[in-house]
2 protein chains.
Amino acid sequence: MGHKDHHQTKFIPSNAPTSRTAKFKNRQGLIEATLQALSDLGYANASVSEIIKRARLSRGMIHLHFGSKDNLVIETAKHASERYHAFLETCLKCAGPSPQEQVEAIVKHDLSEDVLNATSVRVWYELRGAIYFQKELASYSDTRDERLRNVLFHLFIQLLETYGLKEATQENAEDVTFAFLALMEGMWTDYLLHQNGFQRENAKRSVFRFLQTLFPDHFDLTGAKLT
Amino acid sequence: MGHKDHHQTKFIPSNAPTSRTAKFKNRQGLIEATLQALSDLGYANASVSEIIKRARLSRGMIHLHFGSKDNLVIETAKHASERYHAFLETCLKCAGPSPQEQVEAIVKHDLSEDVLNATSVRVWYELRGAIYFQKELASYSDTRDERLRNVLFHLFIQLLETYGLKEATQENAEDVTFAFLALMEGMWTDYLLHQNGFQRENAKRSVFRFLQTLFPDHFDLTGAKLT
DNA sequence: TCATTGTATGGACGATTGTCCATTTACATG
DNA sequence: CATGTAAATGGACAATCGTCCATACAATGA
């Protein structure tokens, strides 16, 4: 009934050409709708019907644009992953060059409202869980994986070296990286589970307290309060 | 065809009475099968058909024993939660009474093969994710929740007091508890994601290194090596 | 031994899943 | 304006979902 009208009012404000720009917009719309459905309903209940309802598009569009629903989910994961890494890279470039400033930037990025919010945390959790029976997701649900792990490892190496702990630097840096990543993972999980009670500032303070005990010369709790 | 035979050979070895013991066994069998299905397939694909296939029972049994599939999942979560807490309590009783020994016991419990294994971690993850659209699960997927949080909080209070840091003890203990739980959460997530590469000993060492930096008088890395 | 009771079976049911395609719509080009 | 091509629609389809029930079975008490 009103489907066509909705589509027109949504994507063709006046009388602009539909063709390619509209096709791209619909493609993006499906991805956004999938993110929303995953967030609202979880992977188990994010059906084709629920996705197209949110996209306000017709049933066949998923097949037309993505071939299958599985593929749509994979592309959605890819989209989310790229957004995460792009924003992270921006944050790292804006921050100062010193290791402590870089680490600080990573913490603030990962706990910022742009990254750690109700929708994205839910989607991230659901897509991770789905890796088991949708192996192709693994490559795109790699938030906080090898790339970031390597960056952190080298940052911590530098920080450890300033203490002159040459002997066990390698192993120490590995352990610190491992623990730091686990800590950040845990923060996200805590946000997921206690969305109402979660205090962003407390989370930041805990992480900086952790960093402070490890590197008392480089970190203090004032870092947790800055945006 | 062979359904009856399977059932008999499984639950009635010789000619024992079926009645109540068998009913209980079938009930337990369904719960175990649900755990297996959740682990193998995830919540999204753990259908009634897949569960009864693993339990080697007939379709109607779920309705008979649990009323609905949703209820079976809830009872399964309850079962898993009770098992986790019962084992944790045993570990805490076996360990020495000092705060550092109690914390150590918690770490070793949470990273032991009995608790942190392929099946249980998968189930834990899936059930947590399902809380969103199955609210009743929340009360039984509370692994590492308020109960454990309180225990840890008081243990860390005691440890902090020995340093004479009376002023900020409360806030410090909260932060430490928060960070510690996040760290353990993250370890589980890491196990989930990198099951092949995960090194139990590395995880233990990282946690103990974390504790050592916080409480250098009470913890050292030798604790990480003991079973 | 026969009736009763509780347990177990497996197929039927409507609802919903993801896929696909015949059809319609709308734009770009001749 | 007419024609061709790409985009979008929404219903048809088989498969599967969870629920439920008529039936069968097995053990117990009279």
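Bear in mind that the values here come from a model prediction, so they are computed numbers and not experimental data. Here is how names work: the chains are called A, B, and so on, in the same order as the sequence lines, proteins then strands, and each is numbered from 1.
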Look for any protein N or O under 3.5 Å of an N or O in nucleotides 14-16 of chain C and output each such pair with its distance, or none.
none

Can you give me the N/O atom pairs linking the protein to nucleotides 19-21 of chain D at distances under 3.5 Å, or say none if there are none?
residue: D:dT19; atom: OP2; partner: B:Lys69; partner atom: N; Å: 2.9
residue: D:dT19; atom: O4; partner: B:Arg59; partner atom: NE; Å: 2.9
residue: D:dC20; atom: OP2; partner: B:His63; partner atom: NE2; Å: 3.4

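For B:Leu30 and C:dA8, the CG to P distance is 9 Å, given to the nearest whole Å. Rounded to whole Å, the distance from NZ on B:Lys53 to C1' on D:dT16 is 12 Å. Regarding B:Arg56, its CZ atom lies at a distance of 12 Å from the P atom of C:dT9, rounded to whole Å. In this structure, A:Phe66 places its CZ atom 12 Å from P of D:dA8, rounding to the nearest Å. Atoms CG (A:Leu64) and P (D:dT5) sit 17 Å apart, rounded to a whole Å. Remark: P of D:dC17 and OH of B:Tyr43 are 14 Å apart, rounded to the nearest angstrom. Regarding A:Glu50, its CD atom lies at a distance of 14 Å from the C1' atom of C:dG18, rounded to whole Å. As a whole-Å value, the separation of B:Ile52 CD1 from D:dC17 P is 10 Å.
A:Ala173 and A:Thr177 make their closest contact through O-OG1, 2.6 Å (heavy atoms, listed as atom of the first residue, atom of the second, distance).
Counting only heavy atoms from C-beta outward, the side chains of A:Phe180 and A:Val107 approach each other to under 4.5 Å. The shortest side-chain heavy-atom distance between B:Ile106 and B:Leu155 falls under the 4.5 Å cut-off. Within the 4.5 Å cutoff, no side-chain heavy atoms of A:Glu82 are placed close to those of A:Tyr140.
Under 3.5 Å, the side chains of B:Tyr84 and B:Asp114 contain no donor-acceptor pair of N or O atoms.
Between A:Arg59 and A:Glu50 no salt bridge is recorded (no basic side-chain N to carboxylate O distance below 4.0 Å). Under the 4.0 Å criterion applied to side-chain N and carboxylate O atoms, B:Arg122 and B:Asp40 are not assigned as salt-bridge partners.
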Determine, step by step, whether B:Ser68 and B:Asn71 satisfy the side chain to side chain donor-acceptor pair (under 3.5 Å) criterion, reporting the C-alpha distance in whole Å, the side-chain angles of both residues, the deciding distance to 0.1 Å, and the verdict.
CA-CA 5 Å; B:Ser68 72; B:Asn71 203 246; 5.3 Å; no

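A ring pair (Phe, Tyr, Trp, His ring centres under 6.0 Å) with A:Tyr125 holds for exactly one of B:Tyr132, B:Tyr43, B:Tyr125; it is B:Tyr125.
Side-chain nitrogen and oxygen atoms of B:Asn26 include at least one within less than 4.0 Å of the OP1 or OP2 phosphate oxygen of C:dA8.
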